[in-house]
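Input: a single structure, listed below in C-alpha coordinates.
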Number of protein chains: 2
Amino acid sequence: MSNAKVLPLLEPAVEPCCPPLTERPLTAAEAERTALMFKALGDPVRLRLFSAVASHEGGEACVCDISDVGVSQPTVSHHLKKLKEAGLLTSERRGTWVYYRVEPGVLAAMGQLLSPTAATA
Amino acid sequence: MSNAKVLPLLEPAVEPCCPPLTERPLTAAEAERTALMFKALGDPVRLRLFSAVASHEGGEACVCDISDVGVSQPTVSHHLKKLKEAGLLTSERRGTWVYYRVEPGVLAAMGQLLSPTAATA
DNA sequence: ATCGGATATCGATAGACGTCAACATAGACA
DNA sequence: TGTCTATGTTGACGTCTATCGATATCCGAT
(Lines give C-alpha, C1' and ligand atoms only; values in the text may rest on other atoms or scores of the structure.)
Protein backbone atom coordinates (compact mmCIF):
# COMPACT_ATOMS: atom_id res chain seq x y z
CA MET A 1 0.00 0.00 0.00
CA SER A 2 1.75 3.12 1.10
CA ASN A 3 -0.79 5.39 -0.38
CA ALA A 4 -0.31 7.71 2.53
CA LYS A 5 -2.59 10.42 1.25
CA VAL A 6 -1.04 13.12 3.36
CA LEU A 7 -2.25 16.62 3.20
CA PRO A 8 -0.15 18.70 0.87
CA LEU A 9 2.26 20.83 2.76
CA LEU A 10 2.76 24.39 1.77
CA GLU A 11 3.97 23.91 -1.76
CA PRO A 12 2.06 21.08 -3.40
CA ALA A 13 3.03 19.52 -6.67
CA VAL A 14 2.91 22.85 -8.45
CA GLU A 15 5.95 22.43 -10.55
CA PRO A 16 7.70 25.68 -11.17
CA CYS A 17 7.07 25.29 -14.84
CA CYS A 18 7.92 28.78 -15.83
CA PRO A 19 8.49 32.23 -14.47
CA PRO A 20 5.80 34.86 -14.79
CA LEU A 21 5.33 35.97 -18.36
CA THR A 22 6.38 39.43 -17.31
CA GLU A 23 9.67 38.41 -15.76
CA ARG A 24 11.63 37.51 -18.86
CA PRO A 25 10.88 36.19 -22.34
CA LEU A 26 9.90 32.56 -22.24
CA THR A 27 12.21 30.15 -23.99
CA ALA A 28 10.90 28.02 -26.82
CA ALA A 29 10.66 24.98 -24.59
CA GLU A 30 8.91 26.85 -21.82
CA ALA A 31 6.46 28.37 -24.26
CA GLU A 32 5.79 24.99 -25.81
CA ARG A 33 4.88 23.51 -22.48
CA THR A 34 2.94 26.45 -21.15
CA ALA A 35 0.95 26.96 -24.33
CA LEU A 36 -0.56 23.52 -23.86
CA MET A 37 -2.41 24.67 -20.77
CA PHE A 38 -3.65 27.88 -22.31
CA LYS A 39 -4.69 26.07 -25.44
CA ALA A 40 -6.67 23.61 -23.38
CA LEU A 41 -8.66 26.50 -21.93
CA GLY A 42 -8.86 28.22 -25.28
CA ASP A 43 -12.01 26.43 -26.33
CA PRO A 44 -15.40 27.62 -25.07
CA VAL A 45 -16.70 24.13 -24.43
CA ARG A 46 -13.61 23.09 -22.53
CA LEU A 47 -13.66 26.30 -20.56
CA ARG A 48 -17.22 25.63 -19.48
CA LEU A 49 -16.43 22.06 -18.56
CA PHE A 50 -13.40 23.11 -16.58
CA SER A 51 -15.33 25.84 -14.82
CA ALA A 52 -18.14 23.44 -14.07
CA VAL A 53 -15.76 20.99 -12.44
CA ALA A 54 -13.79 23.67 -10.63
CA SER A 55 -16.88 25.27 -9.19
CA HIS A 56 -18.70 22.08 -8.34
CA GLU A 57 -19.27 21.28 -4.73
CA GLY A 58 -16.67 19.03 -3.26
CA GLY A 59 -14.22 20.02 -5.95
CA GLU A 60 -15.29 17.23 -8.22
CA ALA A 61 -18.07 16.52 -10.64
CA CYS A 62 -19.54 13.54 -12.39
CA VAL A 63 -19.65 13.81 -16.15
CA CYS A 64 -23.40 13.61 -15.91
CA ASP A 65 -23.37 16.78 -13.82
CA ILE A 66 -21.56 18.91 -16.34
CA SER A 67 -22.30 17.47 -19.76
CA ASP A 68 -25.02 19.96 -20.58
CA VAL A 69 -22.92 22.31 -22.65
CA GLY A 70 -24.68 22.05 -25.97
CA VAL A 71 -22.56 19.46 -27.71
CA SER A 72 -22.94 15.72 -28.12
CA GLN A 73 -21.79 13.23 -25.52
CA PRO A 74 -18.78 12.04 -27.55
CA THR A 75 -17.68 15.62 -27.90
CA VAL A 76 -17.91 16.18 -24.16
CA SER A 77 -15.84 13.07 -23.62
CA HIS A 78 -13.32 14.26 -26.16
CA HIS A 79 -12.89 17.61 -24.46
CA LEU A 80 -12.57 16.12 -21.01
CA LYS A 81 -9.83 13.91 -22.37
CA LYS A 82 -8.05 16.96 -23.74
CA LEU A 83 -8.27 18.69 -20.38
CA LYS A 84 -6.84 15.61 -18.76
CA GLU A 85 -4.00 15.39 -21.24
CA ALA A 86 -3.21 19.01 -20.56
CA GLY A 87 -2.83 18.19 -16.91
CA LEU A 88 -5.74 20.34 -15.83
CA LEU A 89 -8.12 17.63 -14.71
CA THR A 90 -7.92 14.16 -13.28
CA SER A 91 -10.56 11.49 -13.49
CA GLU A 92 -11.61 8.57 -11.41
CA ARG A 93 -14.28 5.98 -12.01
CA ARG A 94 -16.48 5.19 -9.07
CA GLY A 95 -19.08 2.63 -9.97
CA THR A 96 -21.23 3.74 -12.82
CA TRP A 97 -19.95 7.27 -12.95
CA VAL A 98 -16.66 8.95 -13.71
CA TYR A 99 -15.68 11.92 -11.60
CA TYR A 100 -13.40 14.71 -12.71
CA ARG A 101 -11.58 17.11 -10.45
CA VAL A 102 -9.18 19.98 -10.95
CA GLU A 103 -5.57 18.95 -10.65
CA PRO A 104 -4.40 20.62 -7.46
CA GLY A 105 -1.99 23.43 -8.00
CA VAL A 106 -2.96 24.07 -11.57
CA LEU A 107 -4.82 27.25 -10.81
CA ALA A 108 -1.98 28.57 -8.71
CA ALA A 109 0.54 27.71 -11.39
CA MET A 110 -1.34 29.48 -14.13
CA GLY A 111 -2.09 32.38 -11.85
CA GLN A 112 1.60 32.79 -11.16
CA LEU A 113 2.32 32.92 -14.86
CA LEU A 114 0.05 35.90 -15.11
CA SER A 115 1.19 37.64 -11.98
CA PRO A 116 2.49 41.08 -12.88
CA THR A 117 6.11 41.51 -11.98
CA ALA A 118 6.24 43.77 -8.99
CA ALA A 119 9.03 46.00 -10.14
CA THR A 120 7.86 46.83 -13.63
CA ALA A 121 9.19 50.23 -14.45
CA MET B 1 -16.48 53.45 -48.68
CA SER B 2 -19.76 54.24 -47.02
CA ASN B 3 -20.25 50.83 -45.57
CA ALA B 4 -18.69 51.89 -42.33
CA LYS B 5 -20.35 48.92 -40.71
CA VAL B 6 -17.09 47.76 -39.32
CA LEU B 7 -16.86 45.71 -36.21
CA PRO B 8 -16.97 47.81 -33.07
CA LEU B 9 -13.24 47.66 -32.57
CA LEU B 10 -13.28 44.86 -30.02
CA GLU B 11 -14.39 45.92 -26.62
CA PRO B 12 -11.56 46.30 -24.21
CA ALA B 13 -11.58 42.66 -23.30
CA VAL B 14 -10.19 43.55 -19.94
CA GLU B 15 -13.43 44.37 -18.20
CA PRO B 16 -14.72 42.38 -15.30
CA CYS B 17 -15.51 39.87 -17.96
CA CYS B 18 -16.27 36.94 -15.83
CA PRO B 19 -16.14 35.57 -12.34
CA PRO B 20 -13.37 33.23 -11.33
CA LEU B 21 -13.66 29.87 -13.03
CA THR B 22 -14.08 28.30 -9.63
CA GLU B 23 -16.97 30.44 -8.53
CA ARG B 24 -19.69 29.08 -10.77
CA PRO B 25 -19.94 27.44 -14.18
CA LEU B 26 -19.36 29.95 -16.92
CA THR B 27 -22.25 30.63 -19.24
CA ALA B 28 -21.88 29.96 -22.93
CA ALA B 29 -21.42 33.66 -23.67
CA GLU B 30 -18.87 34.13 -20.92
CA ALA B 31 -16.94 31.09 -22.04
CA GLU B 32 -16.99 32.28 -25.62
CA ARG B 33 -15.49 35.59 -24.68
CA THR B 34 -12.99 34.28 -22.18
CA ALA B 35 -11.78 31.48 -24.41
CA LEU B 36 -10.56 34.06 -26.91
CA MET B 37 -7.91 35.28 -24.48
CA PHE B 38 -6.75 31.81 -23.52
CA LYS B 39 -6.70 30.75 -27.13
CA ALA B 40 -4.55 33.73 -27.99
CA LEU B 41 -1.97 32.53 -25.48
CA GLY B 42 -2.40 28.93 -26.53
CA ASP B 43 0.22 29.11 -29.23
CA PRO B 44 3.92 28.84 -28.35
CA VAL B 45 4.98 31.59 -30.70
CA ARG B 46 2.32 33.98 -29.46
CA LEU B 47 3.17 33.13 -25.88
CA ARG B 48 6.80 33.98 -26.49
CA LEU B 49 5.89 37.21 -28.23
CA PHE B 50 3.56 38.20 -25.44
CA SER B 51 6.11 37.34 -22.79
CA ALA B 52 8.77 39.26 -24.67
CA VAL B 53 6.61 42.36 -24.77
CA ALA B 54 5.42 41.98 -21.20
CA SER B 55 8.91 41.57 -19.86
CA HIS B 56 10.57 44.19 -22.00
CA GLU B 57 11.90 47.24 -20.31
CA GLY B 58 9.51 50.13 -20.30
CA GLY B 59 6.60 47.80 -20.79
CA GLU B 60 6.80 48.02 -24.53
CA ALA B 61 8.84 46.51 -27.31
CA CYS B 62 9.50 47.19 -30.93
CA VAL B 63 8.77 44.31 -33.28
CA CYS B 64 12.44 44.26 -34.14
CA ASP B 65 13.22 43.53 -30.50
CA ILE B 66 11.09 40.45 -30.23
CA SER B 67 10.84 38.94 -33.69
CA ASP B 68 13.51 36.34 -33.11
CA VAL B 69 11.21 33.45 -32.31
CA GLY B 70 12.08 31.10 -35.09
CA VAL B 71 9.38 31.90 -37.60
CA SER B 72 9.27 34.19 -40.61
CA GLN B 73 8.51 37.89 -40.36
CA PRO B 74 5.02 37.58 -41.84
CA THR B 75 4.23 34.94 -39.27
CA VAL B 76 5.39 37.19 -36.46
CA SER B 77 3.20 39.95 -37.80
CA HIS B 78 0.28 37.56 -38.05
CA HIS B 79 0.62 36.47 -34.44
CA LEU B 80 0.98 40.00 -33.15
CA LYS B 81 -2.23 40.85 -34.94
CA LYS B 82 -3.95 37.95 -33.27
CA LEU B 83 -2.76 39.10 -29.86
CA LYS B 84 -4.06 42.55 -30.65
CA GLU B 85 -7.42 41.24 -31.76
CA ALA B 86 -7.67 39.27 -28.55
CA GLY B 87 -7.23 42.49 -26.62
CA LEU B 88 -3.95 41.45 -25.08
CA LEU B 89 -1.66 43.87 -26.84
CA THR B 90 -1.85 47.34 -28.30
CA SER B 91 0.39 48.78 -30.95
CA GLU B 92 1.60 52.19 -31.92
CA ARG B 93 3.79 53.28 -34.78
CA ARG B 94 6.54 55.73 -33.92
CA GLY B 95 8.59 56.61 -36.91
CA THR B 96 10.09 53.61 -38.53
CA TRP B 97 9.17 51.14 -35.84
CA VAL B 98 5.98 49.77 -34.37
CA TYR B 99 5.81 49.30 -30.64
CA TYR B 100 3.65 46.80 -28.84
CA ARG B 101 2.65 46.92 -25.21
CA VAL B 102 0.51 44.82 -22.92
CA GLU B 103 -3.01 46.11 -22.60
CA PRO B 104 -3.24 47.33 -19.01
CA GLY B 105 -5.44 45.21 -16.83
CA VAL B 106 -5.24 42.13 -18.95
CA LEU B 107 -2.94 40.28 -16.62
CA ALA B 108 -5.07 41.14 -13.64
CA ALA B 109 -8.23 40.10 -15.42
CA MET B 110 -6.87 36.73 -16.42
CA GLY B 111 -5.32 36.26 -13.02
CA GLN B 112 -8.68 36.81 -11.41
CA LEU B 113 -10.23 34.17 -13.59
CA LEU B 114 -7.79 31.69 -12.17
CA SER B 115 -7.96 32.82 -8.60
CA PRO B 116 -9.09 29.93 -6.44
CA THR B 117 -12.31 30.62 -4.64
CA ALA B 118 -11.44 31.16 -1.03
CA ALA B 119 -14.13 29.01 0.49
CA THR B 120 -13.76 25.85 -1.49
CA ALA B 121 -14.92 23.04 0.72
C1' DA C 1 -26.14 -14.24 -18.40
C1' DT C 2 -28.41 -10.43 -19.84
C1' DC C 3 -30.07 -5.77 -20.00
C1' DG C 4 -29.58 -0.89 -19.70
C1' DG C 5 -27.38 3.40 -18.48
C1' DA C 6 -22.90 5.96 -18.41
C1' DT C 7 -18.73 6.95 -20.61
C1' DA C 8 -15.04 6.23 -24.00
C1' DT C 9 -13.30 5.27 -28.65
C1' DC C 10 -13.49 5.12 -33.73
C1' DG C 11 -13.99 6.96 -38.40
C1' DA C 12 -15.30 10.63 -41.21
C1' DT C 13 -15.75 15.44 -42.40
C1' DA C 14 -15.81 20.40 -42.47
C1' DG C 15 -13.63 24.26 -40.93
C1' DA C 16 -9.97 26.69 -38.39
C1' DC C 17 -5.12 27.56 -37.96
C1' DG C 18 0.05 28.15 -38.59
C1' DT C 19 3.25 28.93 -41.94
C1' DC C 20 5.53 30.79 -45.88
C1' DA C 21 6.73 33.48 -50.25
C1' DA C 22 5.32 37.31 -52.71
C1' DC C 23 3.69 41.68 -52.59
C1' DA C 24 2.11 46.08 -50.49
C1' DT C 25 2.60 50.02 -47.47
C1' DA C 26 4.78 53.40 -44.46
C1' DG C 27 8.44 56.27 -42.99
C1' DA C 28 13.45 57.99 -43.17
C1' DC C 29 16.77 59.94 -45.86
C1' DA C 30 19.48 61.37 -49.80
C1' DT D 1 12.03 61.97 -56.79
C1' DG D 2 13.84 57.39 -55.56
C1' DT D 3 15.74 53.86 -52.51
C1' DC D 4 16.22 51.39 -48.28
C1' DT D 5 14.43 49.39 -44.01
C1' DA D 6 10.54 47.96 -41.12
C1' DT D 7 6.15 46.09 -40.85
C1' DG D 8 1.60 44.56 -42.57
C1' DT D 9 -1.35 42.00 -46.03
C1' DT D 10 -2.55 38.49 -49.38
C1' DG D 11 -3.07 33.91 -51.20
C1' DA D 12 -2.01 29.25 -50.98
C1' DC D 13 -1.00 24.97 -48.73
C1' DG D 14 -0.78 21.36 -45.30
C1' DT D 15 -2.01 20.18 -40.72
C1' DC D 16 -4.68 20.28 -36.68
C1' DT D 17 -9.19 20.20 -34.45
C1' DA D 18 -14.10 20.26 -33.17
C1' DT D 19 -17.90 17.82 -34.15
C1' DC D 20 -20.93 14.03 -35.01
C1' DG D 21 -23.00 9.11 -35.54
C1' DA D 22 -21.94 4.53 -34.74
C1' DT D 23 -19.97 1.45 -31.83
C1' DA D 24 -17.42 -0.40 -27.90
C1' DT D 25 -16.59 -0.83 -22.95
C1' DC D 26 -17.56 -0.65 -18.13
C1' DC D 27 -20.59 -1.52 -14.34
C1' DG D 28 -24.76 -2.21 -11.56
C1' DA D 29 -29.11 -4.41 -11.47
C1' DT D 30 -32.28 -7.90 -12.78
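The chains referred to below are lettered A, B, ... by the order of the sequence lines, with proteins before strands, and numbering in each begins at 1.
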With sequence neighbours left out, what residues match A:E30 under salt bridge (Lys or Arg N to Asp or Glu O under 4.0 Å)? A:R24
With a 3.5 Å cut-off and sequence neighbours excluded, list the donor-acceptor pairs that the side chains of residues 63-71 of chain B form with protein atoms.
from  : atom 1 : to    : atom 2 : distance (Å)
B:D65 : OD2    : B:C62 : N      : 3.4
B:S67 : OG     : B:V63 : O      : 3.2

Any protein N or O atoms within reach of nucleotides 6-9 of chain D? Criterion: under 3.5 Å, listing atom names and distances.
from  : atom 1 : to     : atom 2 : distance (Å)
D:dT7 : OP2    : B:C64  : N      : 3.4
D:dG8 : OP1    : B:Y100 : OH     : 2.6
D:dG8 : OP2    : B:S77  : OG     : 3.0
D:dG8 : O5'    : B:S77  : OG     : 3.4
D:dG8 : N7     : B:Q73  : NE2    : 2.7
D:dG8 : O6     : B:Q73  : OE1    : 3.3

Across all chains, not counting sequence neighbours, the side-chain contact (heavy atoms from CB on, under 4.5 Å) partners of B:K81 are B:E85
Exercise answer: donor-acceptor pairs, residues 73-80 of chain B side-chain atoms, under 3.5 Å, sequence neighbours excluded:
from  : atom 1 : to    : atom 2 : distance (Å)
B:T75 : OG1    : B:S72 : OG     : 3.0
B:H79 : ND1    : B:R46 : NH1    : 3.1

Who passes side-chain contact (heavy atoms from CB on, under 4.5 Å) against B:A40, sequence neighbours left out? B:L83, B:A86, B:L88
Does any residue of residues 37-46 of chain A have a heavy atom under 4.0 Å from DNA chain D, and if so, which ones, in number order? A:K39, A:D43, A:V45, A:R46
Looking at residues at least two apart in the chain, or sitting in another chain, which of them share a salt bridge (Lys or Arg N to Asp or Glu O under 4.0 Å) with A:R93? none
Could you pull out all residues at least two apart from A:T96 that satisfy side-chain contact (heavy atoms from CB on, under 4.5 Å)? none
Check which hydrophobic residues are tied to A:W97 through side-chain heavy-atom contacts below 4.5 Å, counting indirect links as well, and list them. A:Y99
Kindly indicate whether the side chain of A:L47, heavy atoms from C-beta on, has any atom under 4.5 Å from the side chain of B:L21. yes
Just the rounded figure in Å: distance from P of D:dC16 to CG of A:L36. 14 Å
What is the separation between atom CD on A:E92 and atom P on D:dC27, rounded to the nearest whole Å? 12 Å
Could you list the residues that satisfy side-chain contact (heavy atoms from CB on, under 4.5 Å) with B:E23, not counting sequence neighbours? B:P19, B:P20, B:T117
Residue mapping more 5' on DNA chain D - nearest nucleotide basis, A:R94 or A:V71: A:V71
5' to 3' contact window, DNA chain C with chain A (heavy-atom distance under 4.0 Å): C:dA6 to C:dT9
